[in-house]
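Reading through the structure tokens given below for one structure.
For clarity, every value in this text was computed on a predicted model and none was experimentally measured.
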Amino acid sequence: MSEPASISFGIAERYATAVFEIVKENDAIERLETGLTDLSNALADSADMRDLITSPVYSRDVQAQAIAKIAKQMGLQPVLKNVLGLMAEKRRLFVLPQLIEQLTAMVAAEKGEVTANVVSAKALTKTQSEKLSNTLAARVGKEVKINATVDEALIGGLVVKVGSKMIDTSIASKLDSLQNAMKEVG
């Protein structure tokens with residue numbers, strides 16, 4: 001991990017811990033999860049929002065006002081609104097993606113869930129996703145939430161990451177292995 005990424009991760013972790021403890025005391029974890037999903041989707045869908053949190057061109061006041069309006073529109077919990085306002089005031093909105101990631105992981109751990117990142121050549125159907133989730137849950141011993149993405153370069157198959165374990169059944173990796181084996185022979 002690079003030094004700036006490590007610093008961002010550390011900053012996000014401190015904010016996330018504070019938010020999570022408050023939300024947990026108030027027994028509002030499900031509402032936090034909904035807010036995090038909304039924030040994550042907004043960041044993914046809006047180049048303007050990504051620009052707002054990362055660009056040094058915007059003043060603290062502009063960032064604070066904009067993030068307050070966004071939080072109000074989304075109906076975020078007061079603790080999340082306050083933390084976003086504090087982050088804007090301290091010029092730390094750039095760690096928002098890491099904050100969302102940290103809080104999502106904390107919520108999942110609290111619920112006893114594990115997230116599996118799945119990359120496939122084609123989009124998984126609901127049935128395939130459920131079957132994969134059930135199979136992984138049987139191996140891991142916890143409920144598994146699937147985070148699926150598509151990469152057509154895989155040609156076929158899946159790459160599944162659960163925690164530190166990775167299972168690569170993609171045709172692209174099998175072709176690479178075959179190519180390496182043929183280089184060794186010839």
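Distance check, rounded to the nearest 0.5 Å: OG of S46 to CD1 of I70 gives 7.0 Å. Rounded to the nearest 0.5 angstrom, D38 CG and E33 CD are separated by 11.0 Å. Separation of atoms CE (M166) and CG (N117) is listed at 11.5 Å; rounding is to 0.5 Å. Atoms OG and CG, from S40 and D45 in turn, are 9.0 Å apart once rounded to the nearest 0.5 Å. Taken from CZ in R60 to CG in L93, the straight-line distance is 11.0 Å, to the nearest 0.5 Å. One finds the OG atom of S55 at 8.0 Å from the CD atom of Q63 (value rounded to the nearest 0.5 Å).
Side-chain N or O atoms of R92 include none that pairs as donor or acceptor with a backbone N or O of L86 at under 3.5 Å. Judged by distance alone, the side chain of T34 and the main-chain N or O of E30 form a donor-acceptor pair under 3.5 Å. Under the 3.5 Å distance criterion, the side-chain polar atoms of T17 are matched with a main-chain donor or acceptor of E13. Formation of a donor-acceptor pair under 3.5 Å by the E113 side chain with backbone atoms of K142 is not found in this model. In terms of modelled atom types and a separation under 3.5 Å, the side chain of T104 and the main chain of I100 share a donor-acceptor contact.
Placement of I167 and I171 in two distinct hydrophobic clusters is found when ILVMFWY residues are connected by side-chain heavy-atom separations under 4.5 Å, directly or transitively. No chain of hydrophobic side-chain contacts below 4.5 Å, direct or via other Ile, Leu, Val, Met, Phe, Trp or Tyr residues, connects V144 to V159. Two different hydrophobic clusters hold V119 and V160 under the rule that ILVMFWY side chains link at heavy-atom gaps under 4.5 Å. One hydrophobic cluster holds both L96 and I22 under the rule that ILVMFWY side chains link at heavy-atom gaps under 4.5 Å.
The two residues G35 and L76 make their nearest non-hydrogen contact at CA-CD2, 3.6 Å. Nearest approach of L80 to V19, heavy atoms of both residues: CD1-CG1, 4.3 Å. Here the closest non-hydrogen pair linking S170 and L154 is CB-CD2, 3.8 Å. Counting all heavy atoms, side chain and backbone alike, Q77 lies closest to V23 at OE1-CG2, 3.9 Å. Smallest separation of non-hydrogen atoms from V140 and V114: CG1-CG2, 4.1 Å. The minimum heavy-atom distance between A16 and Q102, with the atom names listed, is CB-CB, 3.6 Å.
Atom NZ of K81 has more than 12 neighbouring heavy atoms from other residues, nucleotides or ligands inside a 6.0 Å radius. More than 12 heavy atoms of other residues, nucleotides or ligands lie within 6.0 Å of CG in N180, so this atom counts as buried by the packing criterion. The 12-atom threshold is exceeded at CD of E110, counting heavy atoms of other residues, nucleotides or ligands nearer than 6.0 Å.
Residue pairs meeting the salt bridge (charged side-chain N to carboxylate O under 4.0 Å, His left out) criterion with at least one member in residues 165-178, sequence neighbours excluded, do not occur.
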Working for side-chain contact (heavy atoms from CB on, under 4.5 Å), residues L103 and L99:
CA-CA 6 Å; L103 282 169; L99 175 75; 4.0 Å; yes

Could you walk me through whether K122 and V150 satisfy the side-chain contact (heavy atoms from CB on, under 4.5 Å) test, starting with their C-alpha distance in whole Å, then the side-chain angles of each, then the deciding distance to 0.1 Å, before giving a yes or no?
CA-CA 6 Å; K122 294 189 312 185; V150 175; 5.7 Å; no

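Between V79 and N82 there is no side-chain heavy-atom pair separated by less than 4.5 Å. Residues V62 and V57 have side chains not in contact (no heavy-atom distance under 4.5 Å, counting atoms from C-beta outward). Looking only at side-chain heavy atoms (C-beta outward), I155 and L175 come within less than 4.5 Å of each other. Looking only at side-chain heavy atoms (C-beta outward), L158 and L124 come within less than 4.5 Å of each other. A 4.5 Å side-chain heavy-atom check between L39 and L84 finds at least one atom pair inside the cut-off. Taking 4.5 Å as the limit, every side-chain heavy atom of M106 sits out of range of all side-chain heavy atoms of K24. Within the 4.5 Å cutoff, the side chain of V162 has no heavy atoms near those of the R139 side chain. A 4.5 Å side-chain heavy-atom check between V95 and F9 finds every atom pair outside the cut-off.
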